[in-house]
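Counting starts at 1 for both ligands and their atoms, in listed order. Quick caveat, the model's predicted, so the values are computed rather than measured.
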Amino acid sequence: MITLSGKSAVGGVAFGKMSFYEKKEEQVRRYTVEDVAGEIARYQAGKVIAIGQLGSLYEKAVEEVGEENAAIFQVHQMMLEDLDYHESIENIITSQEVNAEYAVAVTADNFYEMFKSMDDEYMKERAADVKDVSERLIKVLEGRETVDMTSNEPSIIAAQDLAPSETIQLDKSMVLAFLTREGSANSHTAILARTMNIPAIISMGDALKNEYSGREAIVDGFTGTVYIDPDAETIALMKEKQNADLEKRQLLQQLKGKENVTLDGKKIKIYANIGNTSDVGLVLKNDAGGIGLFRSEFLYLENNNFPTEDQQFQVYKTVAQNMGGKKVIVRTLDIGADKQADYFDLPKEENPALGYRAIRICLTQKDIFRTQLRALFRASVFGKIAIMFPMIISVEEVKEIKEFMEEIKNELRQEGIPFADNIETGIMIETPAAAMISDLLAKEVDFFSIGTNDLTQYTLAIDRQNPKLDKFYNAHHEAIVRMIKMVVDNGHAEGIWVGICGELGADLDMTETFLKLGVDELSVSPSMVLSVRKKVRETDVSKL
Ligand code: PEP
Ligand code: MG
């Protein structure tokens, strides 16, 4: 038995086989080959395998998301069969006497640029597809182990690190646990794992070796330990731990339907954070009072291109309807920094967390903003949608947003499209600037939601993505507690409610403090709703 350790990001125990997820963009090696004909044959064999994989993906997708959405895999198959693409690869192998992977990578780059420069919007959109399909082919040629999404066997996914865009695209039902060599507890990948309630261990370092792929393992997300080829004693112990965890969860189920009220009668709202329509089931299962943060950018990360107004409308409408009149706070696009989608073509930045992201993109590229706001307004008649804006630093930004919303409402009125006229609008308080001027901002909006993940990163000047800084990262730092108090007081002075939607909201060691400060709402990952409720019900604020 081999024992590995890392940092716990999400608790829970999982048993299963290890499977390594390879980064999409690995450096492709170039080397000369003597047997050119053999290399071409190798390329052709790889192509047949890749086309086969796409065929299976197509069939699976037809079942899961319907023919129309599955069609992309047929487009990918056609790309691999395209004559020009094929000729380019063969030419490079023959003329330069190089390996097939390299020829595919160069062809992919050329085709990417060619598609990108076309005037036709449809063709432009194919640029990302040609890259995607070529990466698949390169992986097949290199014989790299990848997560087989068509496999029927759920596995423990191990990786160097996982970008949010990669995590969101994994088939959740096939993931038993996440293990990464890098990663930090506040990264969006850890947050996603928490939302899915999948055990996760990060910062495992090089001890997490690719050679463990396919081997049986047990993940103890509570202690951050992984046992490869576990012995009988460990299996028995871990089974016991898993059962105890299950029992605890079942006990929490008894709190369903109960109020979030302290022993001395103080009430608080407990909502849930989601990234996707498929998380709504978890929200309802865990009896959250509403959705306090719908990270809408995950819609963008799942797609190969900007989601259209109609696509977004369908998503917001479904979530609003499924929540049956309970509040759904949708945060507008918060892309940039660690959340990147190729098609946004965002420039590389020295300090992405301090760069072109979130509301800054929306207020610059207003077409993107318009599409999302129109979709949100249209969906507002199907439930109780509220809109929230990320990364605010000034009153001017909020005024500009409000003016733009009026413009869009007028547009919709003129087009005879109905929308709810009482939509609550709020902002995230996640920059020190916003916290410091929260007295002024409170006059402009209906609510505040404190994003402690970014507020902590910007206040402590600690990159939330950097695991090296973990020992300096103090989520309970007095500066953060003071800012929360300041924001709550300033919000209440103007008669608006104040919630917390960052990860700190679910920190049970902080629940008493939040109650004492008068926080009105805590929005936490769905699996934490009942634990926070339990903590609230055991607290007596008058005695604090
Ligand atoms: C936050 O910053 O606390 C927050 C909730 O937003 P995100 O984690 O998506 O940046
Ligand atoms: Mg944030």
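Applying the side-chain hydrogen bond (donor to acceptor under 3.5 Å, both in side chains) rule to pairs touching residues 425-434 yields nothing, sequence neighbours excluded. Within the structure, every pair that satisfies the side-chain hydrogen bond (donor to acceptor under 3.5 Å, both in side chains) test and touches residues 194-207, not counting sequence neighbours, is listed here: Arg194-Glu503.
Salt bridge Arg482/Glu478: present, at least one basic N to carboxylate O contact under 4.0 Å. Remark: Lys172 does not engage Asp279 in a salt bridge, criterion side-chain N to carboxylate O under 4.0 Å. Of the charged side-chain nitrogens involved, none lies within less than 4.0 Å of a carboxylate oxygen, so that Lys269 and Asp520 do not count as a salt-bridged pair.
Of the N and O atoms on the side chains of Gln321 and Tyr316, not one donor lies less than 3.5 Å from an acceptor on the other residue. When only modelled atom types and interatomic distance are considered, Gln311 and Asn303 share no side-chain donor-acceptor pair under 3.5 Å.
Taking the ring centroids of Phe306 and Phe344, they lie under the 6.0 Å cut-off.
Figure legend: cation-pi geometry between Lys366 and Phe404, with NZ or CZ positioned under 6.0 Å from the six-membered ring centre and within 45° of its axis.
For ligand 1, the 4.0 Å heavy-atom shell contains residues His188, Ile191, Leu293, Arg295, Arg331, Asp334, Lys339, Met428, Glu430, Gly451, Thr452, Asn453, Asp454, Arg464, Cys501, Gly502.
For the Mg ion (ligand 2), protein N, O or S atoms closer than 2.8 Å were enumerated as Glu430 OE1, Asp454 OD2, with waters left out.
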